[in-house]
Protein chains: 2
Amino acid sequence: MNTEHRSGCPINLSLEVFGDRWTLIILRDMIFGGRRHFRELLNGSLEGIASNILADRLKRLMELGLLTKADDPSHKQKAIYSLTEMAITLVPIMAHLGAWGRVWLPVSEELSIRAELLEKGGPPLWEQFMDELRHEHLGAPTKTPPGTPGVRQQLQAAYEAAVSRKAEIAAG
Amino acid sequence: MNTEHRSGCPINLSLEVFGDRWTLIILRDMIFGGRRHFRELLNGSLEGIASNILADRLKRLMELGLLTKADDPSHKQKAIYSLTEMAITLVPIMAHLGAWGRVWLPVSEELSIRAELLEKGGPPLWEQFMDELRHEHLGAPTKTPPGTPGVRQQLQAAYEAAVSRKAEIAAG
DNA sequence: CAATCCGATTGCATTTTGCAATCAGTTGCA
DNA sequence: TGCAACTGATTGCAAAATGCAATCGGATTG
């Protein structure tokens, strides 16, 4: 792990972690897209990351303590990547970033649904989501009562509804 | 302004704006450091930005609508850079980013004071700060009652107190 | 009228990125 | 058994971004 820092400023240090075009995209796909495998991240992201960059960033994220890697018991070659608590606490930042982008940048309708829902849910929804992520990635016990719909499912359902709504309109 | 986007995802689009090592540093120095001139930004930042990169980013930030440039009436050669509303609404993101860095990264004591104060003040303090920035940069009327200490002054005072506290300790 | 300050610009070496092809091992299926 | 498909990567190479130092012409200051 690189210990040469430009300054000890919290914002600068955060930027030394995220100040590139791919790191947060990977974390977004893991957090909101539920991706855990190399190929899922490689083929699943809309932006089309290159495999060498993905490999480099995954390695870097592990060195930084944001991800861990484990063998997938179902497949001797598969690796499963997990978020650490350090990464899970990025959820509020992701939510803010999405909300800001939704207001100021040319976002596509369908893709902004998730950000909108996350923004409207506010900190309580973010907490629920982080709880779910801790359950999925860290094996922590859930605080949410059984039967409660998962936040990721809610976001995904809203996205798919928007897509089919758009398809209906396109079909006339 | 570049209109080729990797995707219409709000987080991706935000990343296309901030996904480099310098853009947010410049905005940080303008927002929290109160810098408005090229040389202030060039010599003032702890991280030591190069003049060509600074020029490039300032241009880009203007094209993106985050900054405006105006002549300084006191000096025919001086340019004054101002934050737009688009940039001012980054304050909550900066606060979150600082708070996250303070928890997870090796921040220096003095420099993290500001982030701590901003975190403790929460959304109400951020709103006051944004109001002040709108006053300074957009000429908007202030909502804060006269006599109220400015947020930037508070942050700066806390920082300087931390520095002198440290100097005292060092002196024995 | 000389030194200094102003917002940049230039040239150049180094580093990072983007892209495509490829790798060796594993698995599923016929 | 054989072979195609899939696994997490690695390699080579061109293009772009970055870092660094020197420099620019004009404006201001002493």
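Proteins come first, then strands; the chains are lettered A, B, ... in the order of their sequence lines, and each starts at number 1.
- Counting only residues at least two apart or in different chains, salt bridge (charged side-chain N to carboxylate O under 4.0 Å, His left out) contacts with residues 25-37 of chain A comprise Arg28(A)-Glu47(A).
- As a whole-Å value, the separation of Lys78(B) NZ from dC5(C) P is 11 Å.
- The list of salt bridge (charged side-chain N to carboxylate O under 4.0 Å, His left out) pairs with a residue in residues 86-115 of chain B, not counting sequence neighbours, reads Arg102(B)-Glu116(B), Arg102(B)-Glu119(B), Glu110(B)-Lys166(B).
- The stretch residues 54-62 of chain B touches DNA chain D through Arg57(B), each having a heavy atom under 4.0 angstrom from the strand.
- Contact check of residues 12-34 of chain A against DNA chain D (heavy atom, cut-off under 4.0 Å) returns no residues at all.
- Atom CG of Leu42(B) and atom C1' of dG19(D) are 13 Å apart (whole Å).
- Take Thr142(A) and apply the side-chain hydrogen bond (donor to acceptor under 3.5 Å, both in side chains) test, not counting sequence neighbours, and it matches His135(A).
- Partners of Asp20(A) according to the side-chain hydrogen bond (donor to acceptor under 3.5 Å, both in side chains) rule, which considers only residues two or more places apart in sequence or in another chain, are Thr23(A), Arg57(A).
- Residues passing the salt bridge (charged side-chain N to carboxylate O under 4.0 Å, His left out) test with Glu85(A) are Arg134(A), sequence neighbours excluded.
- In this structure, CD of Glu4(A) is placed 14 Å from C1' of dT15(C), rounded to the nearest angstrom.
- The distance between atom CD1 of Ile49(B) and atom P of dT18(D), rounded to the nearest whole Å, is 10 Å.
- Between His96(B) and His96(A), the ring-plane angle classifies as tilted under the 30° and 60° cut-offs.
- In this structure, Glu40(B) atom CD and dC5(C) atom P are separated by 14 Å, rounded to whole Å.
- Rounded to whole angstrom, the span from the NE2 atom of His37(B) across to the P atom of dA27(D) amounts to 18 Å.
- In this structure a side-chain-to-backbone donor-acceptor pair under 3.5 Å is missing from Asp71(A) to Ala79(A).
- Listed by first then second residue, pairs satisfying ring-ring contact (aromatic ring centres under 6.0 Å, His included) with a partner in residues 25-58 of chain B read Phe32(B)-Phe129(B), not counting sequence neighbours.
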With sugar-phosphate taken as primed atoms, P, OP1 and OP2 and all else as base, the protein-contact string of nucleotides 19-30 of chain C at under 4.0 Å (heavy atoms; B, S, -) is B-B--BBSS---

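- Taking Ile, Leu, Val, Met, Phe, Trp and Tyr as hydrophobic and joining them when side-chain heavy atoms fall under 4.5 Å apart, one finds Leu111(A) in a cluster with Leu46(A), Tyr159(A), Val163(A).
- Residues near Ile80(A) contribute nothing to a hydrophobic cluster around it, because no ILVMFWY side-chain heavy atom sits closer than 4.5 Å to its side chain.
- Listed by first and then second residue, the ring-ring contact (aromatic ring centres under 6.0 Å, His included) pairs that reach into residues 6-29 of chain A are Phe18(A)-Trp100(B), sequence neighbours excluded.
- Rounded to a whole Å, the CZ atom of Phe38(A) is 6 Å from the C1' atom of dG8(D).
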